[in-house]
There are 2 protein chains.
Amino acid sequence: MPKVGMEPIRKEALVRATIEEIGRAGSLDVTVAQIAKRAGMSSALAHHYFGGKDQIFLAAMRHVLSVYGAQVRAALAAADTPRQRVEAVIRSNFEPPNFRPEVISAWLSFYVLAQTRTPARRLLRVYQNRLHSTLLFDLRQLIGERSDAAATGIAAMIDGHYIRHALHDAPPNPLEATASVLDYLDLVLSRDATADGDGDGNGLCGRDRVPLKQ
Amino acid sequence: MPKVGMEPIRKEALVRATIEEIGRAGSLDVTVAQIAKRAGMSSALAHHYFGGKDQIFLAAMRHVLSVYGAQVRAALAAADTPRQRVEAVIRSNFEPPNFRPEVISAWLSFYVLAQTRTPARRLLRVYQNRLHSTLLFDLRQLIGERSDAAATGIAAMIDGHYIRHALHDAPPNPLEATASVLDYLDLVLSRDATADGDGDGNGLCGRDRVPLKQ
DNA sequence: TTTTATTGATTGACGAGTCAATCAAAAGGG
DNA sequence: CCCTTTTGATTGACTCGTCAATCAATAAAA
């Protein structure tokens with residue numbers, strides 16, 4: 001069995017196992033042994049590849065964030081107008097890969113992790129800032145000065161729906177969350193819409209939206 | 001020193017110390033010894049009065065929630081109209097006693113605790129439901145059927161601003177958070193305002209939008 | 001004397017990280 | 001193509017520290 005090139009496979013397995021295990025436990029109270037067992041190896045090997053528990057967690061966090069980032073990027077690529085882009089970003093947050101129970105649980109845990117570990121905090125900040133910038137860029141073209149507050153509000157609401165779902169034992173319901181944030185966006189945009197200057201040029205002040213996927 | 005009637009004093013000191021210690025650590029990774037030391041007693045005494053770590057945490061959580069509850073109740077008592085009541089509830093969340101760094105940190109930790117301990121979860125649920133009911137009751141008198149979605153949105157946004165402030169190292173800024181949620185309330189209320197009682201008088205966009213969830 | 005307060009010391013469990021040893025594939029050298 | 005050497009993979013066993021919980025003992029009220 002001892003072949004060459006195991007490192008990436010093992011690391012990937014460990015990252016996946018870490019997220020699953022955090023999801024199962026609902027917290028960071030997860031032992032390296034548990035993670036390693038789920039990933040099908042000894043705890044010593046986990047240490048060998050990652051060096052320590054912290055780095056395992058960090059790698060798992062990086063993975064979650066990168067999956068999330070990819071999701072956002074893909075959704076943005078398919079959007080044409082600024083408004084569509086904002087909607088795409090909002091939707092991305094509640095799309096399946098990011099909105100499964102274990103991942104929601106992991107997000108919540110990462111927030112806690114970010115309170116104590118500087119690297120984790122830095123990582124989370126990068127993504128928060130990126131989200132804010134993206135929202136801001138597109139919102140600026142729709143509403144003027146209010147865009148910063150709007151971006152903050154949207155981001156807060158997204159986080160809020162996440163946390164709220166962390167406590168529901170029922171399977172997460174992306175539709176409600178998405179609809180809620182999109183509705184907020186709608187309100188924000190329609191307030192500042194001048195006669196027809198909502199930017200997307202449809203002149204309809206944000207009706208005729210594609211009603212919620214699925 | 002050994003006098004009678006120490007129990008309530010000791011318990012109170014422990015609860016306070018627990019919150020402070022959780023705030024300092026930024027997580028639930030806090031030992032009974034640390035808490036006891038901060039409260040000026042031995043860890044054995046902490047165990048003696050509370051029976052175990054879990055019950056100490058639960059008591060701390062109960063305390064935070066009860067302070068919060070009192071705040072809300074007081075604010076509600078001073079409000080006259082339904083709208084004022086909703087605003088009062090919103091404001092309460094960001095009022096000093098609830099919006100200090102340690103308490104914010106504690107809230108976040110309690111969310112995590114609620115994921116694993118059933119009593120903690122139950123406790124948090126009670127307060128979430130109470131908040132939702134309160135909001136719902138007053139919103140119903142302002143907007144009709146949309147009030148449930150609105151209450152959910154407001155609650156989510158409040159939580160979101162909390163979590164957001166948990167990561168800022170700067171002292172929390174209640175004004176921005178309050179303004180953000182109140183602005184959202186504003187938007188929600190003006191949408192459903194009848195013919196032109198909405199005050200913003202734009203009378204244009206943002207009505208008759210796609211119905212929310214489902 | 002009984003009850004309450006209080007603690008130092010101890011126990012028992014658990015968990016992160018280390019290490020030496022094993023195993024097998026690859027690499028090299030004749 | 002065999003033999004040897006190197007190197008990566010892998011683990012069981014062990015160390016060391018920490019921490020929740022317990023207990024027996026002490027001291028001071030009541």
Side-chain angles (χ1 to χ4, degrees), chain A residues 1-61 109-110 112-113 116-120, chain B residues 1-61 109-110 112-113 116-120:
Chain A
M1 309 104 184
K3 259 194 289 189
V4 107
M6 279 290 100
E7 180 160 345
I9 288 112
R10 291 306 197 187
K11 279 195 167 181
E12 197 186 315
L14 281 170
V15 162
R16 170 183 284 111
T18 303
I19 296 164
E20 287 172 0
E21 204 61 20
I22 289 178
R24 185 196 55 74
S27 79
L28 296 171
D29 271 337
V30 166
T31 73
V32 176
Q34 287 171 324
I35 295 171
K37 183 177 181 184
R38 185 182 283 255
M41 70 195 81
S42 74
S43 73
L45 195 54
H47 276 98
H48 172 66
Y49 280 127
F50 276 104
K53 200 183 183 179
D54 276 21
Q55 279 139 298
I56 298 179
F57 279 160
L58 208 59
M61 188 165 164
S109 299
F110 289 154
V112 173
L113 193 67
T116 57
R117 311 299 154 105
T118 318
Chain B
M1 310 135 179
K3 257 194 291 189
V4 106
M6 279 290 100
E7 180 160 344
I9 289 113
R10 292 303 198 188
K11 279 194 167 181
E12 196 186 315
L14 281 169
V15 163
R16 170 184 283 111
T18 302
I19 295 165
E20 286 172 3
E21 203 61 21
I22 288 178
R24 185 197 55 74
S27 76
L28 297 170
D29 271 336
V30 166
T31 72
V32 176
Q34 287 171 324
I35 295 171
K37 183 177 181 184
R38 185 181 283 256
M41 70 195 80
S42 73
S43 71
L45 195 54
H47 275 98
H48 172 64
Y49 280 128
F50 275 104
K53 199 184 185 182
D54 276 22
Q55 279 138 301
I56 298 179
F57 278 160
L58 207 58
M61 189 166 164
S109 298
F110 289 154
V112 173
L113 193 66
T116 56
R117 310 300 154 107
T118 317

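A, B, ... follow the sequence lines: proteins, then strands. Residue 1 opens every chain.
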Below 4.5 Å, heavy atoms only, C-beta onward: do [X] and [Y] meet side chain to side chain?
| X | Y | result |
| --- | --- | --- |
| Glu21(A) | Thr18(A) | no |
| Lys53(B) | Ile35(B) | no |
| Ile22(A) | Phe57(A) | yes |
| His48(A) | Leu45(A) | yes |

Roughly how many Å is it from [atom1] in [X] to [atom2] in [N], rounded to a whole number?
| X | N | atom1 | atom2 | value |
| --- | --- | --- | --- | --- |
| Met6(B) | dA29(D) | CE | P | 11 Å |
| Leu28(A) | dA16(C) | CG | P | 12 Å |
| Lys37(A) | dT10(D) | NZ | P | 19 Å |
| Leu45(B) | dG8(C) | CG | C1' | 13 Å |
| Asp29(B) | dG15(C) | CG | P | 13 Å |

From the options dA9(D), dT7(C), dA20(D), select the nucleotide whose nearest atom is closest to the side chain of Met41(B).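 For Met41(B), the side-chain atoms sit closest to dT7(C).
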NA contact type, Thr31(A), heavy-atom cut-off 4.0 Å: base, sugar-phosphate, or nothing?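 Sugar-phosphate contact only.
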Using a 4.0 Å cut-off on heavy atoms, which residues in residues 46-57 of chain B reach DNA chain C? List them by number, or say none.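 Residues of residues 46-57 of chain B that come under 4.0 Å of DNA chain C are, in numerical order, His48(B), Tyr49(B).
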Check DNA chain C against residues 7-21 of chain B and give the residues with a non-hydrogen atom under 4.0 Å, in numerical order.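 Correct list: Glu7(B), Arg10(B).
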Could you go step by step and tell me if Met6(A) and Ile9(A) meet the side chain to side chain contact (heavy atoms under 4.5 Å, CB included) rule? CA-CA 5 Å; Met6(A) 279 290 100; Ile9(A) 288 112; 4.1 Å; yes
Inspect the contact between Glu7(B) and Arg10(B) and indicate whether a charged nitrogen and a carboxylate oxygen are less than 4.0 angstrom apart.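 Salt bridge between Arg10(B) and Glu7(B), a charged N being under 4.0 Å from a carboxylate O: no.
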Any chance CZ of Arg38(B) has more than 12 other-residue heavy atoms, nucleotides or ligands included, within less than 6.0 Å?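 Count over threshold, so yes.
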Around Lys37(A), counting heavy atoms of other residues, nucleotides and ligands shown, do more than 12 lie under 6.0 Å from its NZ?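 Open: at most 12 neighbouring heavy atoms sit under 6.0 Å from NZ of Lys37(A).
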